[in-house]
Amino acid sequence: MSEVLVQKEGSLVWVQASAPASTAWTTAASCPSGQMGFLESFSLTSARTIATQMDRGIPKHHKEQSREAPELQLTYRWTGYGLSVLSASGATMGLLNFEFRGAQAHLGTIPTGRYFQFYGAALISRNWSEGAEFDQVQETWRLLGYSGENPSGYMGNHTV
Amino acid sequence: MGEVYSFREGSLYCWTGHHTASGSVIAYVENVNITPNVAWQSNPAVDGTYRGHYTDRRIDFSFSVAWEFGGVLPILFAAETAVHAKLLQNLGGGLGSAGIFLYSGLLTTVGYGGAQGGLMQHPVNGFAHEWSAF
């Protein structure tokens with residue numbers, strides 16, 4: 001039986017996207033990237049609309065009608081630098097790709113962790129607040145798609 | 001019992017030239033309406049049987065498409081030439097597909113419209129006199 005993963009074993013990195021894509025990790029060579037530091041919480045929400053087809057009152061099958069754009073919610077302590085979504089990413093809006101890794105140290109060196117890739121993230125809201133103990137930023141990013149859980153990732157700068 | 005088709009499983013194509021060409025898929029389709037009509041006239045013969053013959057075969061289509069960079073519809077409309085159209089519904093996963101093919105139709109409208117907070121759209125209308133279901 002494996003172990004559950006906790007926040008201490010997670011890391012989230014970002015990279016500038018090179019084009020809008022819902023199912024692909026698109027980046028240009030030597031593009032800006034970094035790790036999210038002092039990340040207090042992050043969550044993914046995704047949903048889709050399903051219509052259940054009835055035949056004379058009996059459910060027969062489901063039909064997927066649409067997929068809502070997934071969203072990431074990030075809350076991090078502000079170090080004076082926020083995520084700046086750079087332009088020139090092959091779309092009219094600046095886009096980032098995010099990658100999350102949950103390290104599986106308890107399994108040894110192989111595999112190193114379980115990964116999620118989040119594609120085509122556009123910032124839709126940012127809340128900034130000052131506090132006695134720390135300043136805090138809350139952000140919501142809307143994705144074009146995501147992939148996971150996967151056994152491998154793209155980014156080499158996960159430090160956990 | 002098969003599955004019903006949903007809108008997201010559909011593809012709409014519109015092109016000019018030979019009908020056997022693959023055609024360009026129209027992206028960002030918002031809605032589709034295709035209505036074939038056959039006007040029949042039925043008259044009795046002297047032996048008491050009835051003979052039916054059609055006086056008009058017409059299939060009208062209308063759809064709304066978001067105006068995208070590089071879209072073909074305004075160009076097809078400006079060419080004022082015959083166009084073919086195809087609506088294909090595909091269940092995916094080898095479960096089956098079906099659709100309707102419109103031959104040598106005419107585009108009567110490719111409009112431009114939009115509103116604050118929304119996208120720019122093309123309302124499209126046209127008709128043809130030949131079609132086949134597949």
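Just so we're clear, the structure is a prediction, and the values are computed from it rather than from any experiment. In what follows, every chain begins at residue 1, and chains take the letters A, B, ... in the order their sequences are listed.
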With the 4.5 Å side-chain cut-off for hydrophobic clustering, are [X] and [Y] part of the same group?
X: B:Phe63; Y: B:Ile34; value: yes
X: B:Val72; Y: B:Leu102; value: yes
X: B:Val32; Y: B:Leu119; value: no
X: A:Met155; Y: A:Leu95; value: no

**Request:** Select, from A:Lys60, A:Glu64, A:Gln53, the one with the greatest count of heavy-atom pairs under 4.5 Å involving chain B.
**Result:** A:Glu64
**Prompt:** How far apart are the C-alpha atoms of B:Glu3 and A:Lys63, what are their side-chain angles, what is the distance that settles it, and do they pass the side chain to side chain contact (heavy atoms under 4.5 Å, CB included) test?
**Reply:** CA-CA 8 Å; B:Glu3 289 198 4; A:Lys63 295 299 295 188; 3.3 Å; yes
**Considering all heavy atoms, the nearest A:Ser66-B:Arg8 contact** = N-CD, 4.2 Å
**Prompt:** Between A:Gln65 and chain B, which part of the residue has a heavy atom less than 4.5 Å away: side chain, backbone, both or neither?
**Reply:** backbone
